[in-house]
Novice: 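Pasting a structure here, questions to come.
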Amino acid sequence: MDEEVKIGAENNYSASNIQVLEGLEAVRKRPAMYIGDISENGLHHLVYEVVDNSIDEAMAGYCNRIDVTINEDNSITVQDNGRGIPVDWHEKEQKSALEVVMTVLHAGGKFDKGSYKVSGGLHGVGVSCVNALSTHMTTQVFRGGKIYQQEYECGKPLYAVKEVGTCDPEFTGTKQTFLPDNTIFTVSEYKFGTLQNRMRELAYLNKGITITLTDLRQLDEEGNPYQEEFFSEEGVKEFVRYLNGTNTPLFNDVIYLNTEKAGTPIEIAMMYNTGYRENLHSYVNNINTKEGGTHEGGFRAALTRVLKKYAEENCAKALEKAKVEINGEDFREGLIAVISVKVAEPQFEGQTKTKLGNSEVSGAVNQAVGEALNYYLEEHPKEAKIIVDKVLLAATARVAARKARESVQRKSPMGGGGMPGKLADCSSRDPHECEIFLVEGDSAGGSAKQGRNRKFQAILPLRGKILNVEKVMWHKAFESDEVNNIIQALGIRFGVDSEESKEANIDKLRYNKIIIMADADVDGRHINTLIMTLFFRYFPRVIEEGHLYLASPPLYLCTKGKVKEYCWDDQQRQRFIDTYGGGREDAVHTQRYKGLGEMNPEQLWETTMNPENRMLKQVDMSNAAEADAIFSMLMGEDVAPRRDFIESNATYANIDA
């Protein structure tokens, strides 16, 4: 890792480097304060915290392999070949440094700048928090030819650090195995796909490191566990190609820079495609800064400045002919970029680590991108002209989009006069208690209108499948009646921050919950995906702030005599047959709901709309880069990646036939 500087020497990393900031008392009482939540995200966050320690070793230049294993009992093992956590005596705490790291919150080498130049877990809670939230944890350290071990239950050591064996003196590292406490977490099963996405991301962001992910719960035909290995030789350059894999490149070059400015290592790769959206993914010390920050600001400023200057100096005639004023957004249409910076003292806004606040980083990124982009444009005049032509097309489309928006937003969404004719609104005007159902079809919409609670539930019927916005230019969505009805009903506004802005403003969102309600069949799932694509591409803040949900209508109504039970899947139905029909299918009556319209209003209320009984699935966006790639693959123009996805997932599909 040529841009990293090794700080200190291997033999200087000892107990004196471990600084204690705070105790561990509150973690088990208020786990969500430390790991975000106690559901699926929090469960997977435990793995990220342990892997972050290994990545810190890698970033310091002492580790090049990390092995992550999901064990059969859903415990996790993470092993690296770094220096190994120090085990010598910690004078201040009067115990082994290993025990300090494992049992004291905010204790570790990352707070001592002589041990690590940069660290991904500075606002994180570290491995001690993982220990506190695990029923059992075992730590092994390979150091100086010896193997040291300590075990813990709920964060408390079962014995002092002890030697348990010997190893090759050349082999060093740390091995952590932990079992999350199922009395704290609401879910206990790890998802291979979720961990796979993060490990892939880390391999791209830290070139030259091998990361393996093994799942002992899944065996292939030969009885071997399922394993995937991630390794990137070109880092973010490969990452951009991966993210752009489902799009058609404008040209095949990746514009790439890897440099250091003002003591900040900067690695950026960008590519243009024939699409219409900007996809910018930024990272600080391997942390995905979803809300952007100063590094993104510096990148955008440099991109606009350099490209605008180039266009004015080299394509003056084309600009004059287009008769449009180009702005910053035009230069970013069809751009996919990955920005990775390493900051020694990162300042994140809040504890969420999603927005970088360091002002000095903006200037460093601005300068680095300016130099690299100027050099690329001078050396590649053919590609530069292709970019300028695309920018002019984007500017022309933006003007058309503004006109389309103005026709949609002529009436105020809060005044009531601009509401879609089919909207059956609720009587409450308090957005916090209101919810709206986007319902597939007029017949289901009619049932929903009759079955709802009129005080806080609104219904907007949608006619058939809405426009697939993934395949059209940005302004075309505003020409669709169904899309406009959704925008008007929700009170979403465009062009608030600036007249030309593509950013959706949801400050006057009229409903706290937006619930997509479609049939429980293949067509219904397709409609769900089309609507989610619209929200992801046009109003992502609705998803980020947790307002978007999917309704879950039942598939069956099973009856035996006077006993009735709604079943949401085949397993529930089989349980009903086993319980009341003695295992015989013909002994019970099963009604299969092919569509929402087959339910009467009372049934729809009882199963799908009543807050006391219904089951809603919240749509979240924990990994924006992966979500972007999946939406492009499922809904975009390129057929080949979609076919590959279908073939590789065919065994998991529920066929509705």
Side-chain angles (χ1 to χ4, degrees), residues 1-3 204-205 207 232-262 264-284 292 294-319 322 326-342 361-395 625 628:
M1 305 180 71
D2 51 13
E3 76 271 31
Y204 282 132
L205 294 169
K207 60 184 175 185
S232 175
E233 208 169 290
E234 295 184 296
V236 300
K237 200 171 180 181
E238 279 184 67
F239 197 5
V240 158
R241 287 199 184 278
Y242 167 74
L243 293 173
N244 204 35
T246 55
N247 300 299
T248 305
L250 204 58
F251 47 85
N252 285 321
D253 284 359
V254 175
I255 303 171
Y256 175 74
L257 68 99
N258 185 4
T259 186
E260 187 169 314
K261 295 287 180 190
T264 302
I266 301 164
E267 191 178 7
I268 295 176
M270 52 183 158
M271 238 184 144
Y272 276 95
N273 59 57
T274 56
Y276 312 111
R277 289 163 192 88
E278 169 196 2
N279 292 308
L280 190 55
H281 304 287
S282 61
Y283 299 85
V284 175
T294 53
H295 52 331
E296 283 194 17
F299 172 80
R300 287 190 170 111
L303 188 78
T304 302
R305 184 184 74 252
V306 172
L307 283 175
K308 193 167 188 176
K309 185 169 180 280
Y310 182 89
E312 287 169 349
E313 290 178 358
N314 297 276
C315 307
K317 284 185 179 178
L319 286 175
I326 50 178
N327 71 14
E329 282 188 355
D330 302 328
F331 294 108
R332 301 192 299 272
E333 190 171 284
L335 176 72
I336 291 188
V338 174
I339 303 168
S340 177
V341 296
K342 304 285 171 33
V361 176
S362 177
V365 173
N366 193 327
Q367 185 186 350
V369 173
E371 290 172 4
L373 199 53
N374 264 320
Y375 177 78
Y376 181 85
L377 296 174
E378 285 170 14
E379 294 294 312
H380 301 82
K382 182 184 170 188
E383 286 79 4
K385 185 180 183 308
I386 294 172
I387 293 173
V388 172
D389 287 345
K390 178 155 180 69
V391 167
L392 290 173
L393 185 65
D628 177 62

Novice: Rounded to the nearest 0.5 Å, how far does CD of Glu329 lie from CD of Glu278?
Specialist: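 Here the rounded value is 7.5 Å.
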Novice: How far does CD1 of Ile339 sit from CD of Glu267, to the nearest 0.5 angstrom?
Specialist: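 Atom-to-atom, Ile339:CD1 and Glu267:CD are 12.0 Å apart.
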Novice: Measure across Phe299 and Ala337 and return the closest heavy-atom pair with its distance rounded to 0.1 Å.
Specialist: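 Closest pair (atom of Phe299, atom of Ala337, distance): CZ-CB, 3.9 Å.
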Novice: Using 4.0 Å as the upper bound for N to carboxylate O, is an ion pair formed by Glu371 and Lys261?
Specialist: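 So Lys261 pairs with Glu371 through a salt bridge.
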Novice: Between Val236 and Ile268, is a side chain to side chain contact (heavy atoms under 4.5 Å, CB included) present by the stated rule, with each step listed?
Specialist: CA-CA 7 Å; Val236 300; Ile268 295 176; 6.0 Å; no
Novice: Heavy atoms only: give me the nearest Thr304-Gly328 pair and the separation to one decimal.
Specialist: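 What the structure gives for the nearest pair is OG1-CA, 3.5 Å.
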Novice: Is any side-chain heavy atom of Val365 closer than 4.5 Å to a side-chain heavy atom of Thr294?
Specialist: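 No, side chains not in contact.
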Novice: For a quick test of reading the model, state the closest non-hydrogen atom pair linking Pro249 to Met271 and the distance between them.
Specialist: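 Scanning both residues completely, I find the closest heavy atoms to be CB-CE, 4.0 Å.
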Novice: Determine, step by step, whether Leu243 and Asn279 satisfy the side chain to side chain contact (heavy atoms under 4.5 Å, CB included) criterion, reporting the C-alpha distance in whole Å, the side-chain angles of both residues, the deciding distance to 0.1 Å, and the verdict.
Specialist: CA-CA 9 Å; Leu243 293 173; Asn279 292 308; over 6 Å; no
Novice: Taking the side chain as every heavy atom from C-beta outward, state whether Val284 and His295 have any atom pair closer than 4.5 Å.
Specialist: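 Yes, at least one pair of side-chain atoms sits under 4.5 Å.
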Novice: Please report the C-alpha distance between Arg305 and Asn366 in whole Å, then the side-chain angles of each, then the deciding distance to 0.1 Å, and finally whether the side chain to side chain contact (heavy atoms under 4.5 Å, CB included) criterion is met.
Specialist: CA-CA 10 Å; Arg305 184 184 74 252; Asn366 193 327; 2.6 Å; yes
Novice: Which residue in the set Asp330, Leu335, Leu250 passes side-chain contact (heavy atoms from CB on, under 4.5 Å) when paired with Lys390?
Specialist: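 Testing Lys390 for a side-chain contact (heavy atoms from CB on, under 4.5 Å) against Asp330, Leu335, Leu250 leaves exactly one candidate, Leu250.
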Novice: Please report the shortest heavy-atom distance between Gly275 and Asn273, naming the atom on each side.
Specialist: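 For Gly275 versus Asn273, the nearest heavy atoms are N-OD1, 2.7 Å.
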Novice: Return the orientation label for the Tyr283 and Phe239 ring planes: parallel under 30°, perpendicular over 60°, tilted otherwise.
Specialist: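 The rings of Tyr283 and Phe239 sit tilted, inter-plane angle from 30° to 60°.
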Novice: Distance only, no hydrogens: is a donor on one side chain within 3.5 Å (strictly under) of an acceptor on the other, for Tyr272 and Glu333?
Specialist: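 Absent: no donor and acceptor within the cut-off.
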Novice: With Met270, which of Val240, Leu303, Val254 fulfils side-chain contact (heavy atoms from CB on, under 4.5 Å)?
Specialist: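 It is Leu303, the one option of Val240, Leu303, Val254 that forms the side-chain contact (heavy atoms from CB on, under 4.5 Å) with Met270.
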Novice: Show the nearest heavy-atom pair for residues Asn258 and Lys207, with the distance to one decimal.
Specialist: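 Minimum heavy-atom contact is ND2-NZ, 3.3 Å.
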Novice: Hey, could you give me the OH/OH distance between Tyr376 and Tyr310, rounded to the nearest 0.5 Å?
Specialist: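 Rounded to the nearest 0.5 Å, the OH-OH separation comes to 10.5 Å.
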Novice: So, the side chain of Glu379 versus the backbone of Tyr375: is there a donor-acceptor pair under 3.5 Å, distance only?
Specialist: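 Not at all, since once roles are kept as given, no pair shorter than 3.5 Å links the two residues.
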Novice: To check you understand the geometry: which heavy-atom pair defines the closest contact between Ala395 and Ile326, and what is its length?
Specialist: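 Distance-wise, the nearest heavy atoms are CB-CG2, 3.7 Å.
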Novice: Is the closest side-chain heavy-atom distance between Leu319 and Leu392 below 4.5 Å?
Specialist: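 They are in side-chain contact.
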Novice: Kindly determine whether Val369 and Ile266 satisfy side chain to side chain contact (heavy atoms under 4.5 Å, CB included), including the steps that lead there.
Specialist: CA-CA 9 Å; Val369 173; Ile266 301 164; 5.9 Å; no
Novice: How long is the span from the CZ atom in Arg277 to the CD1 atom in Ile336, to the nearest 0.5 Å?
Specialist: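 Result: 11.5 Å between the selected atoms.
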